[in-house]
Amino acid sequence: MSTTKKTLGRRSFIKNVSLAGGGLVIGFNYLVSCKETPEAKALGMEMPKEWFELNGFLKIGDNGVVTIMSPNPEIGQNVKTSMPMLVAEELDVDWANVIVEQAPLNTDIFTRQLAGGSQSIRAGWEPLRTAGATAREMLKQAAANTWQVPVSEIETKEGFIIHTASDKKVGFGEMASIAAKLEVPENVTLKEKSNFSIIGTSRKNVDGKKIVTGQPLFGLDTQREGMKIAMIVQPPAFGMQLTSINDAEIKQMPGITDVLIIDSYTEDQKLSYFDQAAFTKLAVVVGDTTWQVMQAKKALKAEWELAPEISREMNIFGRTSTVNRPAGLENTSEHIKMMQEIGVDKATLARKDGNPEKAFKNADRVIERSYSCPFLAHNTMEPMNFFANVTENRAELEGPVQTPEIMEKSVSERLGIPLENIDIMMTRMGGGFGRRLYGHFLVEAAVISKEINAPVKLVYTREDDMTNGVYRPAYHATYKAALDANNNLIGFHVIAGGIPESPLAANRFPAGAIDNYLAETWEVPSNITTGAFRAPRSNFIAGAEQSFLDELAEEMGKDPIDLRLELLEKAKNNPVGENNDYDASRYIGVLELVRKTSNWDTSTSKNRGVSAYFCHNSYVAQVLDLEMKGNQPKVKDVYCAVDCGIVVNPDAATNLVEGGIVDGIGHAMYSAITFKEGKPEQKNFDTYRLIRHNEAPEKIVVDFVQSDTDPTGLGEPPFPPIMGAVANALYKATGKRHYHQPFMASQELKG
Amino acid sequence: MATYNLKVNGKKHQVDVEESTPLLWVLRDHLGLVGTKFGCGIAQCGACTVHIDGDAARSCITPVSVAADYAITTIEGISENGDHPVQEAWLEHDVPQCGYCQAGQIMSATALLKKNSSPSDSDIDDAMSGNICRCGTYTRIKKAIKTASNQNLS
Ligand code: FES
Ligand code: FES
């Protein structure tokens, strides 16, 4: 077997931590994110050093059973299955003997829990395999010492250690306790990719059985002795704040034990980016059961007032920046007007190649189109919730959150409890999509528990969850293309912005493919809070750009795939400008693949749209067919080609891609959150439309580009481009271009 | 407060709650059966689906007073060992992503298949469109229902 040497300064993150009771226990970094990701960079993040602490453990018992303990919670991306597959591959163990466990709370060895995220596989690719290989080496060494043979003559296979010359073969379990006494080796060798036997094969979700039998897995399922239920009452509108409550009446209601006002964050508290919360002064109702608290919460009388302008410093991983929230009650109608009217005068330059002004001046024709999308609520199926038990100087917390490391600091800061006395246990999450990065609800639960001096589970109703902010921002983009008399594309101009942040990615395609290129950006502040939402920014700009390219191809009399390929060939062979942050050949690869799988050139299907995009280090191209049933579109087939490097768990990866496609179709067609006098006009699923069974595609065909490249993101990349494919197919089906999401704004609701 | 006798998954329970209390919260808070999920509270998402006398029902809007006289089945009770053909089909197709909606999806699917052992695509759409999956597993759910539909459901 040819090998790759890996040192990686491993001593710092792989340790022999074997405890009493036998077997070999290796501690390692489950999620070492040493490489700075572009997404983190965009947010100005530096990866916190603490993430390098040991947090994953691999135990080989004397009985040969391998337990991989993962501190990583699952938000639906199946990392709880696919990340242990990386460890098991290098360990050379039979997958059937592997048990994956969520790390238990308060063990001696788990000091911290940490954030997950869409970069999990990418970040864990080498460290996790190295951990597996290290354990394998130690087992081999133990056998070599025991049998008095050179370690180079020893092999491993499916959980066995073999010495062919002396005809010896034992299970891992027999050597585990001996291996536990050895030093961790300095160098280990990783397998050649061609020798993988677990990576690249489909393995079922390790929690599948628990899910289909309804076992307690989620934060909302937490039940403890003496636990109270708490709910918040928040201002009815963004731009308002709580002044007082009249609790006399509801204190008499059955089961109600406390009614109080809390400040989830104090005014002088240091905040991180993930502490952002729409409302920090909250009325809280506490009682014995959920239903009792829900009833009392509805009956609570509270007074509100207009909130002043707020300006606060936030620590964005070491960099302090000021976040401003203007005063006032905002309206969607005004937002739309503002976004349409803001033009070149307000925008700032993001990138310029060649002489775009001249190109537009000399143009024979200029095509200009504008696109927009509304705010969106994440709407994870499991509403925000958290359990907290805070005593004098200790805090025990449990629930669904993606940033426990960071929120632990917030709790410490808020309640003056030292970090080492705070434990956060993460539960499986009923969806994330970015919402649970912002863990204010965890801090709220801790403050409530401290105030009432009892263990408590904070539960948001759907209405609380949907009207609590941290939305996907509203975005707008205007594209202009200059064509000469021969229909050549001689200039390209994009002005994009949003409330409160811009979606522009100035160095992505078609930057690099057009000689005269101009990108400008603008932002308008708002008191409606926003945050990361599956594929931030890309989730709008991809669809807008890909719709514009479709229209451009039509104007130029070209096949839409051909036009993209021509531009990409130019970017590949003769790129314009610098810092083009995509690989044109991989882009071409997915377009060529989807052209083949969808039978683009020969298909008789009339209403098809194509789209392609690059984000989170992966490339996706999609073709979507639809049919009109009356005035309602019905998506028939979707073909999707993905290049995300090596695919660790193909069936699970396919599931994730299918989900991204369904999600993207749904949000492009149906979903929006709108405001009147600061009030969200949608509060539950009767008015907020999510895609349903009958609207899902009939068939989704997913193909992965065969690749030897290390794995890259998959949770987010399939989501943004499909919105362009929907718009382009809708045009074919209806003869009408769709520029503004949601495309089916006035669809009736179904319960 | 009033006392209600409930029959859940074949077992008898007595609970002391206000009569307006939805079955969902009786199951979750009083009986510790947390497999039935809360998603919206207004019969719009299907996460709370159970069977009442064999029919799919949204437990979030079913007052305990109404449910008391009937046989109630929850996700925990559709099979002894998690081997109901629908559960097995779900595993075969590796349906769940986050998994939160799936108990409700399975309850709606089993109720459908009990009435219609080989549902068409549009039968499935009709029976399942009240169950939202935010993760977008709809195409797999349809495949799993078709796999289970060829089997004998008791
Ligand atoms: S919780 Fe009952 S239908 Fe949503
Ligand atoms: S699997 Fe997450 S909501 Fe359906």
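Residue numbers start from 1 in every chain, and the chains themselves are labelled A, B, ... in the order their sequence lines are given, proteins ahead of strands.
- Between chain B and the options A:T290, A:D288, A:T289, heavy-atom pairs under 4.5 Å are most frequent for A:T290.
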Decide yes or no on side chain to side chain contact (heavy atoms under 4.5 Å, CB included) for B:Q105 and A:H693, but give the supporting numbers first. CA-CA 11 Å; B:Q105 306 277 4; A:H693 269 279; 3.1 Å; yes
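- In this structure, the portion of B:N81 lying under 4.5 Å from any heavy atom of chain A is its backbone and not its side chain.
- When heavy atoms are compared at a cutoff of 4.5 Å, B:T139 approaches chain A solely by way of its side chain, counted from C-beta outward.
- For B:Q102, the part lying near chain A is the side chain, with the backbone staying farther off; criterion is any non-hydrogen pair under 4.5 Å.
- Relative ring orientation between B:Y100 and A:F218 is described as perpendicular, the plane-to-plane angle rising above 60° on a 0-90° scale split at 30° and 60°.
- At least one donor-acceptor pair closer than 3.5 Å links the side chain of B:D94 to the backbone N or O of A:N205.
- Considering CG of B:D29 and NZ of A:K457, their distance stands at 6.5 Å, rounded to 0.5 Å.
- The candidate from A:Q292, A:E698, A:E463, A:K699 with the greatest count of non-hydrogen atom pairs under 4.5 Å with chain B is A:Q292.
- One distance of note links NZ of A:K209 with CG of B:D83; it measures 6.0 Å at 0.5 Å rounding.
- Between the side chain of B:R28 and the backbone N or O of A:L220 there is at least one donor-acceptor pair closer than 3.5 Å.
- Only the backbone of B:V95 comes within less than 4.5 Å of a heavy atom in chain A; its side chain stays farther off.
- With respect to the salt-bridge test (charged N to carboxylate O, under 4.0 angstrom), the residues A:R692 and B:D125 do not qualify.
- The two residues B:Y138 and A:I691 come nearest to each other via the heavy atoms OH-O, 2.7 Å.
- For chain B, the option among A:M466, A:H378, A:Q215 with the highest count of heavy-atom pairs below 4.5 Å is A:H378.
- Residue B:L91 touches chain A through both its backbone and its side chain, counting heavy-atom pairs closer than 4.5 Å.
- Atoms CH2 and CD1, from B:W25 and A:I229 in turn, are 7.5 Å apart once rounded to the nearest 0.5 Å.
- If you measure heavy-atom distances from A:M294 to chain B, the contacts under 4.5 Å come from the side chain alone.
- By number of non-hydrogen pairs under 4.5 angstrom with chain A, the leading residue of B:C45, B:G32, B:G35, B:G39 is B:G39.
- Only the side chain of B:E18 comes within less than 4.5 Å of a heavy atom in chain A; its backbone stays farther off.
- Your options are A:T461, A:N655, A:L690, and the one with the most heavy-atom pairs under 4.5 Å with chain B is A:N655.
- Applying the 6.0 Å contact sphere to NZ of B:K7 captures no more than 12 heavy atoms from other residues, nucleotides or ligands.
- Side-chain N or O atoms of A:N684 include one that pairs as donor or acceptor with a backbone N or O of B:C40 at under 3.5 Å.
- Nearest heavy atom pair, residue A:G431 against residue B:C98, reads N-CB, 3.3 Å.
- Taking chain A as the reference chain and counting heavy-atom pairs below 4.5 Å, the highest number among B:Q87, B:E76, B:H30 is found for B:Q87.
- A distance of 3.5 Å separates CG of A:D221 from NZ of B:K37, quoted to the nearest 0.5 Å.
- Atom CD1 of residue A:I211 and atom CD of residue B:Q97 lie 10.5 Å apart, to the nearest 0.5 angstrom.
- Only the backbone of A:Y460 comes within contact range of chain B, with heavy atoms under 4.5 Å apart.
- Proximity to chain B (any heavy atom under 4.5 Å) is shown, for A:T654, by both the backbone and the side chain.
- The distance from the NZ atom of A:K204 to the NE2 atom of B:H93 is 8.5 Å, given to the nearest 0.5 Å.
- For the pair B:R140 and A:D651, the salt-bridge criterion is met [side-chain N within less than 4.0 Å of a carboxylate O].
- Between the A:N694 side chain and the B:S129 main chain, no donor and acceptor come within less than 3.5 Å of each other.
- Counting heavy-atom pairs closer than 4.5 Å to chain B, the top-ranked of the candidates A:G660, A:G666, A:A652, A:P254 is A:P254.
- Annotation for A:Q223: atom CD counts as buried by contact number, over 12 foreign heavy atoms lying within 6.0 Å.
- Heavy atoms of A:V662 lying under 4.5 Å from chain B belong exclusively to its side chain.
- Neither the backbone nor the side chain of B:T74 comes within contact range of chain A, judged by heavy atoms closer than 4.5 Å.
- Using a 4.5 Å cut-off between heavy atoms, B:I141 contacts chain A through its side chain alone, with no backbone atom that close.
- For A:K210, the NZ atom sits in a loose shell: 12 or fewer heavy atoms of surrounding residues, nucleotides or ligands are nearer than 6.0 Å.
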